[in-house]
Each structure stands twice: as C-alpha cells, then as structure tokens.
Amino acid sequence: MNPLTRAELPSEATALARFLIGKLIVRDAPEGRTSGRIVETEAYLPGDAACHAFRGETPRNRTLFRQHGHAYVYISYGMHRMLNVSAEDEGIGAGVLLRAIEPLEGFDLMRARRGVERLTDLARGPGRLAEAMAITMGLDGDDLCAPGPLWIADDGSPAAEIGVSVRIGITKETDRPLRFFERGSRFVSGGKALNV
DNA sequence: CGGCTGATGATCT
DNA sequence: GATCATCAGCCGG
C-alpha cells in the first residue's frame, strides 16, 4: 500500500474522478484503521451549477478552492456527511465526491459505526461511506497526500473497468456524464442499472 | 424488488 | 424561508 503524492494526482476534476476509481482511502482513527477501495465517484467541475463552488468561495466551500488532494467535508440534508477531494489548482473551485468504497480493513469497526452487518451495506452511498469511515467536520481541509488521519493510497491492483453515467441525486446539470464507477461491483450505489 | 416520504440542520438569500 | 451531491423504513405488487 503506497501513499499517493500530489504530483501523481490529476489536477482536473473529471480526470481525478476517473483516476480515483480503484485507489484506496485510509482512515486512521483512535479506535483503529478502516480502509476501502474506491469504487464510485462523481466530478463537480468549475462553472458547473451543481458544484458547491459555483457561486464563488464561502466559508463552507473554501477547501474546494485549495490545491487538489484536500478533503472537503460538508453536511447534507442536515445529517449526512459527504467526503470530497478538492480537484484542481489553488483558487479553482472543483471537487470529486466519493460515493462508495469496497471495505478492505476494519470491517467490525465499520459495522459498529453503521449498526449493520452486511458488507455491501457498510459504505455503499456517500452518507454511508462517511459514517463507516468516521468522517467528521474536523477532517475538512485535511491533506490527503500527507500522513495523518485520512489519506489516499495505491495498492497496485489492476486497473478496473470503469463505467460512466449521469450524477445521482442532484437537481442541476443533471445530464452530464460525470459519475464513474467500477463496472459490476457489488459495492456501487444506485442499483443494478447504474453499475453497468 | 421499485417508489415514496419524513427526518433534520447548515448554509445562503 | 428555501434549498439540499441522503438514508431508512414502509407500502404495494
């Protein structure tokens, strides 16, 4: 398991969203380590009305404007946290939403946090992923390319076959093909029709 | 299964 | 005051 450096990450949101499929996200918490293979992402681009950065920088979305490879965390529907990766150069607001992982380490910790047993229910969907990985608002702004509580890595596993679809659950710019996923994975959200 | 709905609060207008 | 990158639970077929 090799930590990813910033230089290895594409600094364009669509390319980064594709690149992250099959990579690892690792959470080192006081209770222990949980990690997973990223199997589903969505890109939110500069000039994209669905992107939180669309109306300019605010206190909430400021990490979207940081150099690519920082964690942008926010709360959705008052209760779910979403984990994103800032995607472009300093000053350009764009991000990649992590929507699902295939759990690799810390199954029981994830089960305890989620309150469910089934492996495929632990981190399928962005809210579930964040809960399983104990993503808190305190992680907003964390550098994913540096040692710390949350980081990304490559385990050298073969490149997955990547499927593409429109993004899920948004109300603007609904026709853009900016959702990426590992084809056929049981750990992808959105139902059978959305994993081919 | 698929479809619908209530929960719930930060954020911005 | 409206909006919202979600989820679990419930209902019907």
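Here the structure is a predicted model, which is why all the values come from computation and not from measurement. Below, chains carry the letters A, B, ... as their sequence lines are ordered, and counting in each starts from 1.
- The distance between atom CZ of A:R179 and atom C1' of C:dT6, rounded to the nearest whole Å, is 15 Å.
- One interatomic measurement links the two molecules: CD of A:E40 to C1' of C:dT6, which rounds to 13 Å at whole-angstrom precision.
- Not one N or O on the side chain of A:R179 forms a donor-acceptor pair closer than 3.5 Å with the backbone of A:I168.
- Within the 4.0 Å cut-off from OP1 or OP2 of C:dT3, not a single side-chain nitrogen or oxygen of A:K172 is found.
- Between the side chain of A:R167 and the backbone N or O of A:E42, no donor-acceptor pair lies under 3.5 Å.
- Distance, A:Y74 OH to B:dG9 C1': 14 Å, rounded to whole Å.
- A:R114 places a side-chain N or O within donor-acceptor distance of the main-chain N or O of A:L122, the cut-off being under 3.5 Å.
- Side-chain N/O atoms of A:R128 and A:S189 include no donor and acceptor closer than 3.5 Å.
- Side-chain N or O atoms of A:S86 include one that pairs as donor or acceptor with a backbone N or O of A:Q67 at under 3.5 Å.
- Between the side chain of A:N84 and the backbone N or O of A:Y72, at least one donor-acceptor pair lies under 3.5 Å.
- Rounding to the nearest 0.5 Å gives a distance of 14.0 Å between CZ of A:R176 and OG of A:S165.
- Transitive grouping of hydrophobic side chains (ILVMFWY, heavy atoms separated by less than 4.5 Å) brings A:F181 and A:L119 into a common cluster.
- No side-chain donor from either of A:R60 and A:T58 sits under 3.5 Å from a side-chain acceptor of the other.
- Two residues, A:I75 and A:G127, neighbour DNA chain C, and the one matched to the more 5' nucleotide by heavy-atom proximity is A:I75.
- Atom CG in A:N61 sits roughly 15 Å away from atom P in C:dC4 (whole-Å rounding).
- Using a 4.0 Å heavy-atom cutoff across all strands shown, A:R167 reaches no nucleic acid atom at all.
- Going from atom CD1 of A:I170 over to atom C1' of C:dT3 covers 15 Å, rounded to whole Å.
- One atom, CD1 of A:I168, and another, P of B:dG3, lie 14 Å apart when rounded to the nearest Å.
- Listed by residue number, A:Y77, A:H80, A:M82, A:N84 are the residues of residues 77-86 of chain A with a heavy-atom contact under 4.0 Å to DNA chain C.
- Remark: A:R66 does not engage A:D143 in a salt bridge, criterion side-chain N to carboxylate O under 4.0 Å.
- Rounded to an integer number of Å, the gap from OH of A:Y44 to P of C:dC4 is 12 Å.
- Using a distance-only test at 3.5 Å, with no hydrogens or angles considered, a donor-acceptor pair links the side chain of A:E173 to the main chain of A:A49.
- Of the candidates C:dC4, B:dT13, C:dA5, C:dA5 carries the atom nearest the A:L64 side chain, counting heavy atoms from C-beta on.
- Comparing C:dC4, B:dC12, C:dT6 by their closest approach to the side chain of A:T171 singles out C:dC4.
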(request) Represent DNA chain C in dot-bracket notation, 5' to 3'. Only Watson-Crick or G-U wobble pairs with both distances under 3.5 Å count; pseudoknot-style crossings use [ ] and interstrand partners use |. (result) ||||.|||||||.
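- Grouping the Ile, Leu, Val, Met, Phe, Trp and Tyr side chains by contacts below 4.5 angstrom, directly or via other members, places A:M82 apart from A:L139.
- When rounded to the nearest whole Å, the span between CZ of A:R62 and P of B:dA10 equals 20 Å.
- Using a 4.0 Å cutoff on non-hydrogen atoms, no part of residues 94-115 of chain A comes near DNA chain B.
- Under 4.0 angstrom from either OP1 or OP2 of C:dC4 there lies no side-chain N or O belonging to A:S76.
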